[in-house]
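This structure is a prediction, so every number in the text was calculated from the model and none was measured.
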Amino acid sequence: MEMIQSKLIASVFLISLCLIAPLTRATDVKYCDKKGNYNVKVKGVEISPNPVARGAPATFSISATTGEAISGGKLVIDVSYFGFHIHSETHDLCEETSCPVTDGDFLVAHSQVLPGYTPPGSYSLTMKMYDDKKAELTCIAFDFSIGLGSSVADS
């Protein structure tokens, strides 16, 4: 009986791990200019949940490093759906991370709820980071998906 319970617990653990792990999967990131020598180097992007759910909060966390302090700036985000530009937004860098950013590692995190009518599918996001003097610090692009399931707004 104990052996059956142990196998059942192990099975439930593995199934749970398989369901939770994809929710915060790291995303492949490309620099906009492969030869560009950006002051901010991006280590990775995590999207949670992944795929993004319509009508529910989604968090984009970008881990990066810089060789010099950043006192302020902005993030410019452009989103495309099947190659068509559909959305742009600008954020104060200091609202997405703690300023001033000292040299070394830092995290930029943005949470947003996508409307329930957002179509499911594959999207491309380009993010440019500028300092307070409007100099481009980095430019990255990555893809993300919005799930096919029903949205929170639909229920």
Side-chain angles (χ1 to χ4, degrees), residues 16-155:
S16 299
L17 190 60
C18 290
L19 292 173
I20 293 171
L23 296 178
T24 58
R25 185 172 61 222
T27 302
D28 290 334
V29 177
K30 298 178 236 50
Y31 286 104
C32 301
D33 180 357
K34 293 178 186 173
K35 295 179 182 177
N37 189 18
Y38 296 112
N39 289 337
V40 171
K41 308 290 187 211
V42 174
K43 295 178 174 184
V45 174
E46 286 192 7
I47 303 169
S48 177
N50 193 359
V52 173
R54 298 176 293 147
T59 301
F60 295 80
S61 299
I62 300 163
S63 57
T65 189
T66 183
E68 56 188 58
I70 304 168
S71 59
K74 65 180 179 176
L75 299 174
V76 177
I77 298 169
D78 290 304
V79 180
S80 298
Y81 182 62
F82 290 111
F84 295 100
H85 182 265
I86 60 164
H87 182 73
S88 290
E89 56 189 54
T90 301
H91 297 275
D92 184 315
L93 177 63
C94 296
E95 291 178 10
E96 308 300 326
T97 192
S98 297
C99 283
V101 175
T102 57
D103 63 332
D105 295 341
F106 68 102
L107 184 70
V108 175
H110 178 72
S111 292
Q112 188 165 345
V113 176
L114 297 174
Y117 57 80
T118 305
S122 296
Y123 290 77
S124 297
L125 185 145
T126 300
M127 183 204 74
K128 294 180 180 180
M129 182 184 297
Y130 297 94
D131 66 12
D132 54 357
K133 295 175 184 89
K134 300 182 181 168
E136 187 176 82
L137 300 174
T138 198
C139 179
I140 60 168
F142 59 89
D143 297 330
F144 69 98
S145 295
I146 295 180
L148 293 172
S150 65
S151 73
V152 173
D154 292 340
S155 53

Quick one: which residue pairs count as a ring-ring contact (aromatic ring centres under 6.0 Å, His included) with a foot in residues 40-59, not counting sequence neighbours? none

Of all heavy-atom pairs linking T97 and L107, the shortest is OG1-O, 2.7 Å

When rounded to the nearest 0.5 angstrom, what is the spacing between CZ in F60 and CD in Q112? 7.5 Å

Could I get the full list of side-chain contact (heavy atoms from CB on, under 4.5 Å) partners for P57, not counting sequence neighbours? V113

Start with the C-alpha gap between T90 and L75, add the side-chain angles, then the distance that decides, and say whether side chain to side chain contact (heavy atoms under 4.5 Å, CB included) holds. CA-CA 6 Å; T90 301; L75 299 174; over 6 Å; no

For side chain to side chain contact (heavy atoms under 4.5 Å, CB included), just list the numbers for E89 and H110, CA-CA rounded to whole Å, side-chain angles, deciding distance to a tenth of an Å, and then say yes or no. CA-CA 12 Å; E89 56 189 54; H110 178 72; 3.6 Å; yes

Please tabulate, for the side chains in residues 118-126, all donor-acceptor contacts under 3.5 angstrom to protein atoms that are two or more places apart in sequence or on a different chain.
from : atom 1 : to   : atom 2 : distance (Å)
T118 : OG1    : P115 : O      : 2.7
Y123 : OH     : P119 : O      : 2.5
S124 : OG     : D143 : OD1    : 2.9

Which value, rounded to the nearest 0.5 Å, describes the distance between F106 atom CZ and K43 atom NZ? 10.0 Å

N39 vs T138, side chain to side chain contact (heavy atoms under 4.5 Å, CB included): CA-CA, chis, key distance, verdict: CA-CA 7 Å; N39 289 337; T138 198; over 6 Å; no

Does a side-chain heavy-atom distance below 4.5 Å link V45 with I140? yes

What do you reckon, is CZ of F82 surrounded by more than 12 foreign heavy atoms closer than 6.0 Å? yes

Any side-chain heavy-atom pair from D28 and F142 closer than 4.5 angstrom? no

On a heavy-atom basis, which atom in F144 and which in V52 lie closest, and how many Å separate them? CD1-CG2, 4.0 Å

Value for CZ (R54) from OH (Y117), rounded to nearest 0.5 Å, stands at 12.0 Å

Supply the atom-to-atom distance I77 CD1 to K128 NZ, rounded to the nearest 0.5 angstrom. 12.5 Å

Does NZ belonging to K41 count more than 12 external heavy atoms closer than 6.0 Å? yes

Scan for side-chain hydrogen bond (donor to acceptor under 3.5 Å, both in side chains) pairs involving residues 59-75, sequence neighbours excluded, and state none if there are none. T59-S111, T65-D105, S71-D132

List the residues meeting ring pair (Phe, Tyr, Trp, His ring centres under 6.0 Å) with Y38, not counting sequence neighbours, and say none if there are none. Y31

What's the separation between atom SG in C32 and atom CD in E136, rounded to the nearest 0.5 Å? 7.0 Å

H85: partners by ring pair (Phe, Tyr, Trp, His ring centres under 6.0 Å), with sequence neighbours left out: none

So which heavy atom on V40 is nearest to which on A64, and how close? CG1-CB, 3.7 Å

Going from SG on C99 to CG on L93, what distance comes out if it is rounded to the nearest 0.5 angstrom? 4.5 Å

Output, in order, the C-alpha distance, side-chain angles, deciding distance and verdict of side chain to side chain contact (heavy atoms under 4.5 Å, CB included) for M129 and V108. CA-CA 10 Å; M129 182 184 297; V108 175; 4.0 Å; yes

